[in-house]
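Written below as structure tokens is the structure these notes are about.
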Amino acid sequence: MLVEIGLGCTGCALITAAIAAGPWLDRHFLPAFFISRATFVKTAWLVRITAIVLGLMLAVVARRRIARVVSADWTRVFVTLLAIVLAFGAAELMLRRTRLRAAEEVPPRKEPLRHLDPRVGWLFVPSHVGYQSNNGRRVQYVFDGNGYRVPSLDQPVDFERPSIVFTGESIMVGEKLPWSETIPAQTCRLLGVQSANIAVSGFATDQAYLRLASELPRFRQPLAVVFLFAPSILDRNLDDDRPHLVPGLVWQPPAERWRLLALARRIVRYRSDESIERGIATTREILGAAMQLARARGATPLIVVPRFGPEQPREHELRVRILDQSRLPYVEVELDPRWRVPDDGHPDARGAQTIAAAIAARLRSEAGTTFATRALP
């Protein structure tokens with residue numbers, strides 16, 4: 001009888017949670033740049049419908065049958081539960097014998113190749129040429145001796161020349177795009193100056209900042225620093241399975257966790273209110289520090305904020321809290337949702353061109369004659 005009551009209550013709880021989950025899901029699952037809002041809503045509905053069906057099964061359809069099976073042989077139930085616990089324990093021990101990559105870290109043999117770095121997590125392999133295929137298109141990736149993406153090995157970034165420094169993640173790197181179609185290449189073609197693409201795929205905002213802090217002092221004449229950020233990539237800023245910054249810009253090594261728990265957190269990207277608030281505050285602090293780094297070198301600082309389609313309410317809230325309330329210099333760029341690399345999610349050449357044009361226009365208006373004068377050979 002008690003088992004039957006417990007199953008009924010569990011089923012009712014599932015149904016109630018699924019019905020009330022709409023606002024809760026928007027609150028605890030952050031927007032994702034590479035997943036459209038329509039896909040997120042569809043997935044959320046599928047999860048809620050599945051929970052309702054499971055709840056009905058437990059509360060109405062199979063409640064008595066499951067209760068009879070459980071009550072008939074408690075020993076079998078105990079042995080089954082013990083086997084499940086031992087299986088989880090064995091899986092945990094096996095996982096601890098291997099290195100678990102960070103959530104945004106890719107396999108070591110995937111192009112563009114990366115190598116581990118104790119300070120930022122990973123960097124591109126320097127002096128490397130690699131190729132990647134996407135929908136029949138072969139894309140070449142070339143990195144100079146500093147690990148910056150460049151047109152060719154015989155065209156490395158020259159630290160003595162006036163330069164615009166670009167930092168960020170795979171969107172700024174130009175994943176699935178040839179060099180000529182990337183945001184840095186198109187921006188600097190419009191402005192007639194050298195680009196330095198120090199971005200690294202998979203980076204969160206704190207990693208991009210650490211990369212900027214280490215590389216910017218090497219440039220003799222940095223004209224501008226362009227930092228890519230979007231509310232829809234805030235989620236990765238909350239990850240701590242890699243070297244990361246905490247409030248106060250204090251560096252921390254990767255957090256140690258149970259391996260199974262770490263894998264579960266990657267599959268279910270639930271974020272607590274506390275972790276989201278901490279992520280917002282830390283991101284605001286990091287972006288502010290990045291802008292100060294640029295100004296200290298006499299460079300024009302700019303944050304570029306791309307998004308696909310109209311801004312969603314959650315994205316608007318995050319943008320206002322992180323950028324507007326901190327009075328950070330940024331340019332927002334709306335992209336046509338169709339301007340994605342097929343079967344990938346990154347901006348295609350049209351999207352990159354739109355972003356580059358917005359950056360160039362803003363830098364011209366911000367720096368004006370000074371920018372043009374400094375850019376002269």
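Note that this is a predicted model, so its numbers are computed, not measured.
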Pair Glu111 + Arg138: basic N to acidic O under 4.0 Å: no
So, Arg259 and Glu92, do they make that salt bridge, N to O below 4.0 Å? no
N-O pairing of Glu334 and Arg307 below 4.0 Å: yes
Could you report the tightest heavy-atom contact between Thr187 and Ala360, atom names first, then the distance? CG2-N, 4.4 Å
Arg242 to Trp122 six-membered ring, cation-pi geometry met (6.0 Å, 45°): no
Show the nearest heavy-atom pair for residues Ile198 and Leu212, with the distance to one decimal. CD1-CA, 3.8 Å
So do the side chains of Gln194 and Val157 get within less than 4.5 Å of each other, counting heavy atoms only? yes
Run the salt-bridge test on Arg236 and Asp206 with the 4.0 Å N-O cut-off and return the result as yes or no. no
How far apart are the C-alpha atoms of Glu105 and Arg114, what are their side-chain angles, what is the distance that settles it, and do they pass the salt bridge (charged side-chain N to carboxylate O under 4.0 Å, His left out) test? CA-CA 9 Å; Glu105 185 183 348; Arg114 272 143 274 197; over 6 Å; no
Carboxylate-amine/guanidinium contact Arg269 Asp235, below 4.0 Å: yes
Parallel, tilted or perpendicular, judged at 30° and 60°: which one describes the rings of Phe219 and Tyr148? parallel
Please work out whether the ring planes of Phe143 and Tyr141 are parallel, tilted or perpendicular, with thresholds of 30° and 60°. parallel
Pairwise side-chain contact, Leu123 with Phe203, heavy-atom cut-off 4.5 Å (strictly under): yes
Contacts of Ser275 meeting side chain to side chain donor-acceptor pair (under 3.5 Å) (sequence neighbours excluded), chain-then-number -> Ser272
Over all heavy atoms of both residues, which pair between Pro151 and Trp179 is shortest? Give the atoms and the distance, please. CG-NE1, 3.1 Å
Can the ring centres of Tyr209 and Phe227 be said to be less than 6.0 Å apart? no
Taking all non-hydrogen atoms of both residues into account, name the closest pair between Ile322 and Leu328 and its distance. O-CD1, 3.7 Å
Which heavy atom in Leu216 sits nearest to a heavy atom in Pro222, and how many Å separate them? CD1-CB, 4.0 Å
Within a 6.0 Å radius of atom CH2 on Trp24, are there more than 12 heavy atoms belonging to other residues, nucleotides or ligands? yes
Should Arg257 and Asp240 count as an ion pair when the cut-off is N to O under 4.0 Å? yes
Is the shortest distance from a Lys or Arg side-chain nitrogen in Arg314 or Asp26 to a carboxylate oxygen in the other one below 4.0 Å? no
Anything under 3.5 Å between a donor and an acceptor, one on a side chain of residues 167-174, the other on a protein residue two or more places apart or in another chain? List them.
unit_1 : atom_1 : unit_2 : atom_2 : d
Thr167 : OG1    : Ala208 : O      : 3.2
Glu169 : OE2    : Ile171 : N      : 3.0
Ser170 : OG     : His346 : NE2    : 2.6

Should the ring pair Tyr270 and Phe29 be called parallel, tilted or perpendicular, given that the plane angle runs from 0 to 90° and is split at 30 and 60? perpendicular
Verdict with reasoning, Arg149 to Asp144, per salt bridge (charged side-chain N to carboxylate O under 4.0 Å, His left out): CA-CA 7 Å; Arg149 190 175 181 188; Asp144 68 9; over 6 Å; no
Any chance you could lay out the salt bridge (charged side-chain N to carboxylate O under 4.0 Å, His left out) test for Glu181 and Arg350, step after step, and finish with the verdict? CA-CA 8 Å; Glu181 296 177 0; Arg350 295 166 297 180; over 6 Å; no
Set of residues satisfying side chain to side chain donor-acceptor pair (under 3.5 Å) with respect to Arg265, sequence neighbours excluded: none
